[in-house]
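All remarks here apply to the structure that follows.
Remember, it's 1-based here, ligands and their atoms both numbered in the order they're listed. Computed from heavy atoms alone, side chains included, the values below leave out hydrogens, waters and symmetry copies.
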Amino acid sequence: MAAVSTQTIGTIAVFGATGQQGGAVVDALLDHRARVRALVRNPQSGPAQALAARGIELAAIRIDDPASLAAALATVEAFYFMTPEANSLDEVEAEIRVGTALVDAAAAARVPHVVFNSVFGADRETGVPHHDSKRRIEQHLGKSGLRVTMVRPTAFMEGFASVMAPGLEHGEIVLRLPLPADVALKMISIRDIGRVATALLLDTAAAPGGAVELVGDELTGPRIAAAFGARAGLPGRYEALPLSVLSNDLDRAMFRQFAEATDYPSDLAVVRSIEPATLDLVGWIRATGWTAPASVAGS
Ligand SMILES: NC(=O)c1ccc[n+]([C@@H]2O[C@H](COP(=O)([O-])OP(=O)(O)OC[C@H]3O[C@@H](n4cnc5c(N)ncnc54)[C@H](OP(=O)(O)O)[C@@H]3O)[C@@H](O)[C@H]2O)c1
């Protein structure tokens with residue numbers, strides 16, 4: 001990503017700066033020497049203090065305190081926000097409250113440009129509660145009168161380093177997901193979410209139609225397993241699991257929607273037109289230095 005001069009650009013406000021996606025936005029904004037104000041719940045927390053140590057202004061906010069939000073968004077040039085993870089219907093309602101409060105505050109402060117970190121598929125009703133919540137926030141933004149750009153990330157590649165990590169069994173790299181073997185999973189690296197959002201915040205790029213699906217690769221389970229196997233110098237094997245392995249209703253709804261993704265083709269060229277260095281999965285594996293895990297006991 002080429003650094004651009006940001007001397008004429010004012011402060012960019014970021015909600016979620018202590019988290020994964022907001023953190024990636026901060027990284028990319030700092031790469032461009034932009035001035036950043038992070039909206040944080042607790043300025044004394046370790047992650048907030050780490051931001052301050054990098055020259056970022058901290059604005060203490062509470063979602064249920066409009067005055068704190070108004071002060072935090074005063075005189076900013078642009079505002080990025082994401083909404084927190086929801087693992088239950090109650091948390092989905094809380095997510096909508098967070099998003100709605102941030103939209104209302106941005107409208108009251110007349111922020112010139114808002115970039116909302118939504119989710120892929122939020123342009124339609126999906127039946128996935130924590131995706132339809134983001135659709136509701138998008139709709140609220142649409143009525144706000146604000147200039148808005150939606151970034152809609154697909155699954156994080158970083159999931160392959162945590163909840164979706166492939167294992168090493170009997171000399172093979174084995175990946176198991178509750179996704180049919182012939183369905184491609186759409187994915188993006190968190191680094192690239194930050195880079196694309198930053199290009200939009202700094203107005204060095206525009207999203208066609210005001211929204212961009214963030215997808216860096218789309219691969220079936222067997223091809224994902226093969227990519228990790230190739231890196232390890234081992235065969236890769238994929239095993240499709242039934243949805244019933246998921247204990248959470250929201251996750252089941254989400255993977256059911258992933259399986260329908262072939263009905264909604266992605267255009268990978270759009271993201272690369274904004275961030276040419278967007279990683280595909282092989283690039284992400286290389287960039288993160290992924291190595292095969294230790295063999296499971298008995299294999
Ligand atoms: N996992 C995936 O593959 C995937 C794909 C697409 C979209 N998503 C969506 O991405 C979102 C999660 O993003 P992430 O992983 O970047 O989040 P994260 O790392 O968990 O960070 C959450 C951020 O939100 C802040 N926050 C949470 N609740 C808050 C509140 N009530 N008031 C103020 N600040 C609050 C946290 O600040 P503190 O420092 O105060 O805790 C933190 O900065 C979810 O909405 C999820 O549905 C996930």
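Note that atom 20 (O) of ligand 1 has no protein non-hydrogen atoms nearby, at separations under 4.0 angstrom.
The aromatic rings of Phe81 and Phe79 lie parallel to each other, with less than 30° between the two planes, well short of the 60° mark.
At least one heavy atom of Ala155 lies less than 4.0 angstrom from ligand 1. Contact annotation: Pro153 has at least one heavy atom less than 4.0 Å from an atom of ligand 1. For the ligand labelled ligand 1, residue Ile63 lies inside the 4.0 Å heavy-atom shell.
For Asp203 and Arg147, the salt-bridge test passes: some basic side-chain N is under 4.0 Å from an acidic carboxylate O. A salt bridge links Asp249 with Arg252; the closest basic N to acidic carboxylate O contact falls under 4.0 Å. Under 4.0 Å is where a charged nitrogen must lie from a carboxylate oxygen, and between Glu138 and Arg152 at least one such pair does. Salt bridge absent: Arg191 and Glu158 never bring a charged side-chain N and a carboxylate O closer than 4.0 Å.
Of all the heavy atoms of Phe15, the ones lying under 4.0 Å from any atom of ligand 1 belong exclusively to the side chain. Within the 4.0 Å heavy-atom criterion, the part of Glu95 lying near ligand 1 is the side chain and not the backbone.
No side-chain N or O of His130 forms a donor-acceptor pair with one of Asn87 less than 3.5 Å apart.
For residues 217-246, the set of pairs meeting the ring pair (Phe, Tyr, Trp, His ring centres under 6.0 Å) definition, not counting sequence neighbours, comprises Phe160-Phe228, Phe228-Trp290. For the side chain to side chain donor-acceptor pair (under 3.5 Å) condition, the pairs that include at least one residue of residues 254-264, sequence neighbours left out, are His131-Gln257.
Residue Ile61 has no N or O atom closer than 3.5 Å to an N or O atom of ligand 1. At least one N or O atom of Arg41 sits closer than 3.5 Å to an N or O atom of ligand 1. No N or O atom of Ser118 sits closer than 3.5 Å to an N or O atom of ligand 1.
The closest protein non-hydrogen atom to atom 45 (O) of ligand 1 is Thr83 O, 2.6 Å. Atom 7 (C) of ligand 1 has as its closest protein heavy atom Val119 CG2, 3.9 Å. Looking only at protein heavy atoms, the nearest one to atom 47 (O) of ligand 1 is Lys134 NZ, 2.9 Å. Here the protein heavy atom with the shortest distance to atom 15 (O) of ligand 1 is Gln20 NE2, 2.9 Å. In terms of protein heavy atoms, atom 16 (O) of ligand 1 is closest to Gln21 N, 2.8 Å. In terms of protein heavy atoms, atom 38 (P) of ligand 1 is closest to Thr18 OG1, 3.4 Å. At the shortest separation from atom 17 (O) of ligand 1 among protein heavy atoms lies Met82 CE, 3.5 Å. Looking from atom 8 (N) of ligand 1 to the surrounding protein, the closest heavy atom is Phe156 CZ, 3.8 Å.
When hydrophobic clusters are built by joining Ile, Leu, Val, Met, Phe, Trp and Tyr residues whose side-chain heavy atoms come closer than 4.5 Å, directly or via intermediates, Met157 is not grouped with Val215. By the rule that hydrophobic residues join a cluster once side-chain heavy atoms approach within less than 4.5 Å of another member, Leu29 and Ile274 end up as members of one cluster.
Counting atoms of ligand 1 from 1 in the listed order, those under 4.0 Å from a heavy atom of Gly16 are 23 (C), 43 (O). Residue Thr154 approaches ligand 1 through these ligand atoms, each under 4.0 Å from one of its heavy atoms: 5 (C), 6 (C).
Closest approach of Pro180 and Ala259 over heavy atoms only: CD-CB, 4.0 Å.
Taking the side chain as every heavy atom from C-beta outward, Pro66 and Asp104 never approach each other to under 4.5 Å.
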